[in-house]
There are 2 protein chains.
Amino acid sequence: MGTKGDGNRRRIIEAADQLFYKRGYNQTSFQDISEATGIPRGNFYYYFKTKDDILGAVIDNRLDALTAMLKQCEAAGGTPLDRLLAFSNILETNRDNVLESGCPVGTLDSELAKDDPQLHEKSRQAFSLLRQWLREQFEALGKANADELAMDLLARIQGVTVLACAFNDADFIRRSLKDIQDWIECRAMNQA
Amino acid sequence: MGTKGDGNRRRIIEAADQLFYKRGYNQTSFQDISEATGIPRGNFYYYFKTKDDILGAVIDNRLDALTAMLKQCEAAGGTPLDRLLAFSNILETNRDNVLESGCPVGTLDSELAKDDPQLHEKSRQAFSLLRQWLREQFEALGKANADELAMDLLARIQGVTVLACAFNDADFIRRSLKDIQDWIECRAMNQA
DNA sequence: GCAGGAGTAATACGACCGTCTTACTTGGAT
DNA sequence: ATCCAAGTAAGACGGTCGTATTACTCCTGC
């Protein structure tokens, strides 16, 4: 196996990743990916059997990136509170992208929920990964309802991204992030 | 102008409305609408110049339906608190649809945010309508930051729909609705 | 009773979609 | 030097997309 081939495979995945985010999965054609990479359209079949296969590889790639991001959150602070605050900062660090295209996890999942159920399940993995990690943080805070708190936090972040993107409102992100972080700190204070 | 023609126009709009919700705008073809209505594909051009025109008519139709729904909320109770609680109940009354396809307003807006900016603007009207109405309710409660509260409430509802749809979790809707209604009542109690 | 606009049926059109195939070019093992 | 698998270039394929056109039926006003 040549290194050139693997390099192309990777370039396809990364270009598709960006395009799926910016335009959506269904609205991204092989031609789009071809133009972005310079790789002829017909060659994708050599690396992937179907378009769904590309999506699968993109999602796997995103799961790796999310895992790395979570590791970084763990390194950011010693306490679960620090980690949760670091996590919520993704709203600010990805602000410009969120305003333009929404949350990559949420918008892809919403799109695929209306397609084949199998694709929906695949895209849900990203949410599950975040949910599980957040749950562990809340458990480390001694919370009995850690999974519920994880869902609540994910939902609040999703809501902010949807509305901020709809109204292209950066101030709303900033204000909401503060509210969310207050909410996290409040949960970290109270016992049970 | 015959009444038959208007009847067909209406049938196209209503079938497209459903399909745009269940499958998404881009994933709904003229053929789909044709099969749902029995109206030949080629005839759509007689009623609408382009697919975007159908979308415009569908959104106008939804705005009318939302306006009627808000009027119903106003009739449901005399106080702004009653109205806000009635509004939030859409999460429960539309539960099954939300679990399957998400929020019709949110998912359409998220989809169109990745298409032509003009379409995005059109779809945002629904959010604007709800935002304005909620703002008026919070103003009636004497809130100085009524618009911010309106955005916060919309965002919370959106977040719940996205996560509930992703995990197909009806219990999460029920639990979150209670949280949201507690939040509304809390806002109604506090002054300023 | 017929002229003419409203509405219907059916299909042609070019473009693009995802998929698949073929022919060609490498570069390393033998 | 030769061979062969790995990878590349280019395009054919059938299907479907949104759009547009044509020919037809029907009803109404005169």
Side-chain angles (χ1 to χ4, degrees), chain A residues 1-20 22-59 108 111-112 114-120 122-123, chain B residues 1-20 22-59 108 111-112 114-120 122-123:
Chain A
M1 64 199 76
T3 74
K4 189 82 168 296
D6 276 11
N8 274 352
R9 191 186 147 89
R10 174 136 296 276
R11 282 168 57 213
I12 291 172
I13 292 174
E14 281 166 6
D17 193 337
Q18 280 297 308
L19 287 165
F20 290 173
K22 295 296 180 186
R23 301 190 193 179
Y25 172 67
N26 290 301
Q27 288 297 103
T28 298
S29 70
F30 280 52
Q31 187 165 294
D32 294 330
I33 304 173
S34 170
E35 286 166 3
T37 57
I39 297 170
R41 193 174 79 257
N43 284 24
F44 294 141
Y45 188 68
Y46 177 76
Y47 298 98
F48 306 95
K49 275 195 268 296
T50 66
K51 192 183 179 187
D52 292 358
D53 273 9
I54 299 183
L55 177 64
V58 165
I59 289 177
L108 183 65
E111 180 182 358
L112 297 183
K114 310 200 174 196
D115 285 354
D116 183 4
Q118 217 166 352
L119 294 186
H120 185 204
K122 186 96 179 124
S123 80
Chain B
M1 61 199 75
T3 73
K4 190 80 167 298
D6 275 12
N8 275 352
R9 190 185 147 90
R10 173 136 296 276
R11 281 169 57 214
I12 292 173
I13 291 174
E14 280 166 7
D17 194 336
Q18 280 297 308
L19 288 165
F20 290 173
K22 295 297 179 186
R23 303 189 192 179
Y25 172 67
N26 289 301
Q27 287 298 102
T28 299
S29 70
F30 280 50
Q31 187 165 296
D32 293 330
I33 305 174
S34 171
E35 285 166 4
T37 57
I39 297 169
R41 194 173 80 256
N43 283 26
F44 295 140
Y45 188 68
Y46 176 78
Y47 299 99
F48 305 95
K49 273 194 269 299
T50 66
K51 192 183 179 188
D52 292 357
D53 273 9
I54 299 182
L55 177 64
V58 165
I59 290 178
L108 182 65
E111 180 182 358
L112 298 183
K114 311 200 174 196
D115 285 354
D116 183 3
Q118 216 167 351
L119 294 186
H120 185 204
K122 185 96 179 123
S123 80

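Keep in mind it's a predicted model, so treat the numbers as computed, not measured. Chain letters run A, B, ... following the sequence lines, proteins first and then strands; every chain starts at 1.
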Can you find a pair of side-chain heavy atoms, one from A/Lys51 and one from A/Phe44, that are under 4.5 Å apart? no

Between C/dG18 (P) and A/Ile54 (CD1): distance, integer Å: 9 Å

Enumerate the residues from residues 34-44 of chain B whose closest heavy atom to DNA chain D is under 4.0 Å, giving them by residue number; use none for an empty result. B/Arg41, B/Gly42

Atom CZ of A/Phe48 to atom C1' of C/dG18: distance rounded to whole Å? 15 Å

Provide the closest heavy-atom pair for A/Gln27 versus A/Asp32 in the form atom of the first, atom of the second, distance. O-OD2, 3.7 Å

Measuring to OP1 and OP2 of D/dC17, would you say a side-chain N or O of B/Ser29 lies under 4.0 angstrom away? yes

Between D/dT16 (P) and B/Asn26 (CG): distance, integer Å: 19 Å

Atom-to-atom span, CG of B/Asp32 to C1' of D/dG18 - whole angstrom: 13 Å

Closest non-hydrogen contact found for B/Lys122 with B/Ile59 is CG-CD1, 3.5 Å

Counting only N and O atoms by type, is there a donor-acceptor contact under 3.5 Å from the side chain of B/Ser34 to the main-chain atoms of B/Phe30? no

d(CD1, A/Ile33; C1', C/dC17) in whole Å: 12 Å

Nearest-Å distance for atom pair OH/C1', residues A/Tyr25 and C/dC17: 12 Å

Does C/dC20 have OP1 or OP2 under 4.0 Å away from a side-chain N or O of A/Tyr45? yes

Tell me: OH of B/Tyr46 to C1' of C/dG7, nearest whole Å? 5 Å

Can you measure B/Tyr47 atom OH to C/dT8 atom C1' for me and round it to whole angstrom units? 8 Å

Would you say B/Tyr47 and B/Ile13 make side-chain contact, with heavy atoms under 4.5 Å? no

Under 4.0 Å between a side-chain N/O of B/Gln31 and OP1 or OP2 of D/dT16, yes or no? no

Which pair of non-hydrogen atoms, one from B/Arg41 and one from B/Gln31, has the smallest distance, and what is that distance? CD-N, 3.8 Å

Can you sort out the partners of A/Tyr25 under ring pair (Phe, Tyr, Trp, His ring centres under 6.0 Å), two or more places apart, ordered by chain and number? A/Phe20

